[in-house]
Enquirer: 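This is the structure I have questions about; it appears just below.
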Number of protein chains: 2
Amino acid sequence: MGPLDAYVPYLLNRAGARIATAFGEEVRPLGASLQMWRVLAALRERDGRRMGDLSVMTSIEVSTLTRLVDQMEKKRLVERRRDPDDARVVALHVTTAGKRLTRRIVPIAERYEQVALKGFAPVEVQVLRAALRRLYANMDELYD
Amino acid sequence: MGPLDAYVPYLLNRAGARIATAFGEEVRPLGASLQMWRVLAALRERDGRRMGDLSVMTSIEVSTLTRLVDQMEKKRLVERRRDPDDARVVALHVTTAGKRLTRRIVPIAERYEQVALKGFAPVEVQVLRAALRRLYANMDELYD
DNA sequence: GCATTTTATTTGTAAATGCAAATAAACGAC
DNA sequence: GTCGTTTATTTGCATTTACAAATAAAATGC
């Protein structure tokens, strides 16, 4: 193996860690955390997702997610609702306060993406997105 | 903001989390963790790095790193040595056992990169590396 | 050279995390 | 319809993590 800074998993982690830390600091004053934002963002796309699906989407372990959602419920950002058709599943719904907070974070998130991608041509961004999706899908195969 | 799976920080985190988890499971039977590997990899490149530099390189918070190094010392993988010229700094040195473990992990790490990049043309890999470095550097500017 | 500030690491402590076990509901076989 | 199995979520508990304060040594100003 060559130098560390040619090792893709390293570069990936390093870039991800830096964005995550910076973003987390930015949303803390709003009473939110990066992980909370991930949940809100997933629900913004489609409300009423179940815990398990949220766990997959956000890459947050289910047990961690349970406790994170506990906090978010205390803050009245989301609401747990038992699925009437299948009482095992819990669906998460964003409250009005949750939507308000989401609206405040969205522009911050947009700005972060812009900063991260400063100097990238639109094509380059597309290529990067495609590469990251592909990389993720490749790792999938290890789970069979 | 559009769909989540077009949001680069999301794609970045998702891909990174998946590699990290899978890799961590793989090295656990060897008595190592992903974070330990990061330290070993950084020292493989240059032995005797100081704690602060290791923290930056590995994206592990210094206080977390201290405790991680405690464990690694207990396992006799590394050794702390005070710098004789500047008694504030602690330099980390890999032991023989540490080198042995490193040699066992390197092929696993190589395999993981190969799996992650399966189907990528060499040029595409280079473009990805460049993009990730650039993205990291862009985030740098937030720290001024 | 002494006091002040800066730099490097560690420690205290609370919060976040992850695995495994527990709970609870639905499904399937019979 | 009951029993064993699978699926979804939560809880118990030990580990990891991070922020802030503490320690300790060097550099700086005077």
Side-chain angles (χ1 to χ4, degrees), chain A residues 13 16-29 31-39 42 48-75 78-93 143, chain B residues 13 16-29 31-39 42 48-75 78-93 143:
Chain A
N13 175 74
R18 194 165 258 194
I19 298 189
T21 303
F23 186 84
E25 282 171 17
E26 189 101 7
V27 297
R28 206 192 311 170
S33 68
L34 171 60
Q35 306 292 58
M36 288 182 188
W37 159 244
R38 286 191 176 133
V39 171
R49 284 188 200 276
R50 49 167 71 183
M51 298 292 288
D53 292 349
L54 279 171
S55 168
V56 173
M57 277 200 78
T58 59
S59 308
I60 301 171
E61 224 274 324
V62 277
S63 68
T64 305
L65 185 63
T66 286
R67 284 176 265 246
L68 181 65
V69 169
D70 289 347
Q71 289 180 59
M72 293 177 78
E73 264 194 316
K74 266 195 213 115
K75 287 170 175 279
V78 293
E79 250 179 39
R80 269 188 250 241
R81 290 193 212 142
R82 267 305 149 187
D83 184 329
D85 296 338
D86 184 341
R88 290 173 304 180
V89 340
V90 168
L92 255 206
H93 294 269
Y143 283 98
Chain B
N13 174 74
R18 194 165 258 195
I19 298 187
T21 303
F23 186 84
E25 282 171 19
E26 190 99 1
V27 296
R28 207 194 308 169
S33 67
L34 170 61
Q35 306 292 58
M36 287 181 188
W37 160 244
R38 286 192 176 131
V39 171
R49 284 188 199 274
R50 48 167 71 184
M51 297 293 287
D53 292 349
L54 279 171
S55 169
V56 173
M57 275 200 80
T58 59
S59 307
I60 301 172
E61 224 274 325
V62 275
S63 68
T64 304
L65 184 63
T66 286
R67 284 175 261 247
L68 180 65
V69 169
D70 289 346
Q71 290 181 58
M72 293 178 78
E73 266 193 316
K74 265 192 215 118
K75 285 171 177 279
V78 293
E79 250 179 39
R80 269 187 250 240
R81 288 191 215 143
R82 273 294 154 192
D83 184 328
D85 296 338
D86 183 342
R88 291 173 304 181
V89 340
V90 169
L92 257 207
H93 295 269
Y143 283 97

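Quick caveat, the model's predicted, so the values are computed rather than measured. Protein chains get the first letters and strands the later ones, always in sequence-line order, with residue 1 at the start of each.
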Enquirer: Separation of Q35(B) atom CD from dA18(D) atom P, in whole Å?
Expert: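 After rounding, the reported distance stands at 8 Å.
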Enquirer: Specify the separation, in whole Å, of atom CZ of R28(B) and atom P of dA14(D).
Expert: 17 Å
Enquirer: Between dT17(C) atom P and N13(B) atom CG, what is the distance in whole Å?
Expert: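 Result: 11 Å.
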Enquirer: As an exercise, state the distance from CG of N13(B) to CD1 of I60(A), rounded to the nearest 0.5 Å.
Expert: 8.5 Å
Enquirer: Which value, rounded to the nearest 0.5 Å, describes the distance between S59(B) atom OG and Q35(B) atom CD?
Expert: 9.0 Å
Enquirer: So, does R81(A) use its side chain to make a donor-acceptor pair with the main chain of H93(A) at under 3.5 Å?
Expert: no
Enquirer: How close do V27(A) and S33(A) get, heavy atom to heavy atom, and via which atoms?
Expert: CG2-C, 3.9 Å
Enquirer: E73(B): what forms a salt bridge (charged side-chain N to carboxylate O under 4.0 Å, His left out) with it, not counting sequence neighbours?
Expert: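 Here the qualifying residues are R80(B).
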Enquirer: Hey, are the side chains of L65(A) and V39(A) touching, using non-hydrogen atoms and a 4.5 Å cut-off?
Expert: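 In contact.
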Enquirer: Within this structure, what is the CZ-CG distance for the pair R67(B) and D70(B), rounded to the nearest 0.5 Å?
Expert: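 Going from CZ on R67(B) over to CG on D70(B), the span is 8.0 Å.
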Enquirer: Looking at residues at least two apart in the chain, or sitting in another chain, which of them share a salt bridge (charged side-chain N to carboxylate O under 4.0 Å, His left out) with R88(B)?
Expert: D86(B)
Enquirer: Within the structure provided, determine whether R50(B) and V90(B) are in side-chain contact (heavy-atom separation under 4.5 Å).
Expert: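 R50(B) vs V90(B): side chains apart.
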Enquirer: Polar atom pairs between nucleotides 1-5 of chain C and protein, under 3.5 Å, N or O only, would you list them?
Expert:
none

Enquirer: Starting at the 5' end of nucleotides 6-13 of chain C, put B wherever the base has a protein heavy atom under 4.0 Å, S where only the sugar-phosphate does, and a dash everywhere else.
Expert: -BSSBBBB
Enquirer: Report yes if the side chains of M36(A) and L68(A) come closer than 4.5 Å at any heavy-atom pair, otherwise no.
Expert: yes
Enquirer: Could you state the CG-C1' distance from D83(A) to dC27(C), rounded to the nearest angstrom?
Expert: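 D83(A) atom CG is separated from dC27(C) atom C1' by 15 Å.
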Enquirer: For the pair made of CD1 in I60(A) and C1' in dG18(C), what is the distance, rounded to whole Å?
Expert: 13 Å
Enquirer: Distance-only, no hydrogens or angles: does the T21(A) side chain make a donor-acceptor pair with backbone N or O of A17(A) under 3.5 Å?
Expert: yes
Enquirer: Could you check how far CD of E61(B) sits from P of dA14(C), rounded to whole Å?
Expert: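 It works out to 17 Å between those atoms.
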Enquirer: Quantified as the angle between the terminal helix axes (five pairs each), what is the overall bend of the helix from dG1(C)-dC30(D) to dC30(C)-dG1(D) to 10 degrees?
Expert: 20°
Enquirer: I need the NZ-P distance between K74(B) and dT16(D), as an integer number of Å.
Expert: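 After rounding, the gap between these two atoms is 10 Å.
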Enquirer: Using every non-hydrogen atom in the two residues, find where A42(A) and M57(A) come nearest and quote the distance to one decimal.
Expert: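 Of all heavy-atom pairs spanning A42(A) and M57(A), the closest is CB-SD, 4.0 Å.
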Enquirer: Rounded to the Å, how far apart are D85(A) CG and dT7(D) C1'?
Expert: 16 Å
Enquirer: For nucleotides 1-4 of chain D, give me every protein contact, N/O to N/O, under 3.5 Å, one pair per line with atom names.
Expert:
none

Enquirer: To check you understand the geometry: which heavy-atom pair defines the closest contact between G52(A) and V62(A), and what is its length?
Expert: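 Answer, listing the atom of G52(A) first, then V62(A): CA-CG1, 4.4 Å.
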